[in-house]
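So the structure is just underneath, and the comments pick up after that.
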Amino acid sequence: MDFETLEKQCATCQKCGLAATRTNCVFGKGDRHAELMFVGEAPGEQEDLSGMPFVGRAGQLLDKFLDAVEIPRDRVYIANILKCRPPQNRDPLPEEEDACIGYLREQVRLIRPKVIVCLGRISAMRLIKPDFRITKEHGLWFEKGDFLMTAVYHPAYLLRDPRKKEDMLTDMKRIRAKLDELK
Ligand code: URA
């Protein structure tokens, strides 16, 4: 399946209950040939309204870290585990993740990134391993088939606990160095 067909399917998806409450499906955005892909948790209010991932406060903080390590946002691809916003931004339900994960799988298959970065615990637990511990294991590398994976703190968490921003910068620098190494 190609990107356009997949995105169209996603826009009218009825696979889970979130279809009833979404304004927009947030498929993902960025370079379809990106070497680096970020995967967050689920759209928030601003994302639901705009249809774009990471455009609210958390997204603006992510942009700052990308700028700090000189990774242009339009050179990466950004998506989420869930394409629709859970009401009140609650955690995704397992059945919602199960219903939605096929879209992300297809996105990864089409983009074929070298590195996938999980933004936060929910994404890391789904994509790296179910018992992933973000405080202990952020910034570590995991080999998964054709690509490398790592996880960093979710930017929304950094807004709540700014002391973790230093760790985030270190991790982002490591990601930048890994991309340079893989060239
Ligand atoms: N948080 C996420 O996990 N994803 C978004 O797109 C926005 C906020």
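We count residues from 1, following the sequence as given. We count ligands from 1, going down the list as the structure has it; atoms in each ligand are counted the same way. All values below come from the heavy atoms of this structure, side chains included, with hydrogens, waters and symmetry mates left out.
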Problem set entry | 4.0 Å heavy-atom contact, Asn80 with ligand 1 | yes
Seminar exercise, completed: OH (Tyr103) and SG (Cys25) are apart, to the nearest 0.5 Å, by 7.0 Å
For this session: Could you say whether the N/O atoms of Phe54 and ligand 1 ever approach to under 3.5 Å?
Result: yes
Exercise. Is there side-chain contact between Phe38 and Leu66, with heavy atoms separated by less than 4.5 Å?
Worked result: yes
Exercise. Do Phe3 and Phe27 have their ring centres less than 6.0 Å from each other?
Worked result: yes
Exercise. Which of the atoms in ligand 1, numbered in the order shown and given with their element, are less than 4.0 Å from a heavy-atom of Gly40?
Worked result: 3 (O)
For this session: Classify the contact between Glu41 and ligand 1 as side chain, backbone, both or neither, using a heavy-atom distance cut-off of under 4.0 Å.
Result: both
For this session: Answer yes when Asp167 and Lys164 have at least one side-chain N-carboxylate O distance shorter than 4.0 Å, and no when they do not.
Result: no
For this session: From atom 5 (C) of ligand 1, work out which of Ala42, Ala58, Pro155, Ser50 has a heavy atom at the shortest distance.
Result: Ala42
For this session: For ligand 1, find out whether one of its N or O atoms is nearer than 3.5 Å to an N or O atom of Pro43.
Result: no
For this session: Mark the output for His154 as yes if a heavy-atom distance to ligand 1 is under 4.0 Å, and as no if none is.
Result: yes
Exercise. Are Phe54 and His154 close enough, and set up right, to give a ring pair (Phe, Tyr, Trp, His ring centres under 6.0 Å), and what steps lead you there?
Worked result: CA-CA 11 Å; Phe54 282 96; His154 194 292; 5.6 Å; yes
Seminar exercise, completed: The reported gap from CG in Asp98 to SG in Cys16 (rounded to nearest 0.5 angstrom) is 10.5 Å
